[in-house]
Amino acid sequence: MNIKRTLPLIVLAVVSLFVFACALGAVWVLSVDAKTMDEKIQASLSLGIPSALVLIVLLWFGAGMDQMLARLKQRSTRISVSVLTYIVVPVVLCIGLPALAAVVIYVSFNAPKGWQQL
């Protein structure tokens with residue numbers, strides 16, 4: 001058994017379980033509108049599980065990207081790909097894509113009304 005290969009997977013699995021528990025706990029604590037225990041459990045499961053899964057997918061994706069970047073031997077290529085991966089891609093995904101979606105939604109709901117005069 002090669003510890004170098006299995007230790008990162010074990011650590012990621014343990015961190016994933018921790019993230020899952022923390023997401024459920026955070027939703028449990030933040031569900032102040034729930035009046036009964038049943039509503040609190042339902043809110044915790046319906047909001048906590050999807051948010052935990054999203055965080056776990058991002059965690060595993062980041063670990064995979066780190067492993068792929070570590071394979072690059074040439075320093076300049078590794079630096080440029082790292083900058084692209086950790087700065088450009090998140091900016092595009094977190095700012096550019098929502099802005100594009102907002103523009104598309106705005107344009108689709110505010111269609112020109114010139115055709116209605118005909």
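Under the 4.5 Å side-chain heavy-atom criterion for grouping Ile, Leu, Val, Met, Phe, Trp and Tyr, L59 is connected to L55 within one hydrophobic cluster. The hydrophobic clustering, which links ILVMFWY residues whose side-chain heavy atoms are closer than 4.5 Å, places V104 and Y106 apart.
Not counting sequence neighbours, the partners of I105 by the side-chain contact (heavy atoms from CB on, under 4.5 Å) test are F109. Listed by chain and residue number, nothing satisfies the side-chain contact (heavy atoms from CB on, under 4.5 Å) test with S80 (two or more places apart in sequence, or in another chain).
Atoms CD1 and OG, from I49 and S44 in turn, are 8.0 Å apart once rounded to the nearest 0.5 Å. Between I79 atom CD1 and L84 atom CG the span is 13.5 Å, to the nearest 0.5 Å.
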Report all side-chain donor-acceptor pairs from residues 15-33 shorter than 3.5 Å, counting only partners two or more places apart or in another chain.
unit_1, atom_1, unit_2, atom_2, d
S16, OG, L12, O, 2.7
S16, OG, W60, NE1, 2.8
S31, OG, V27, O, 3.3
S31, OG, W28, O, 3.0

Under 3.5 Å, which donor-acceptor pairs link side chains of residues 88-98 to any protein atom two or more places apart or in another chain?
none

Below 3.5 Å, can you tabulate the donor-acceptor pairs from side chains in residues 34-43 to any protein atom, sequence neighbours excluded?
unit_1, atom_1, unit_2, atom_2, d
T36, OG1, E39, N, 3.2
E39, OE1, K35, N, 2.8

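Applying the side chain to side chain donor-acceptor pair (under 3.5 Å) rule to pairs touching residues 62-74 yields D66-Y86, Q74-T77, sequence neighbours excluded.
Nearest heavy-atom pair, M65 versus T85, reported as atom, atom and distance to 0.1 Å: CE-CG2, 3.5 Å.
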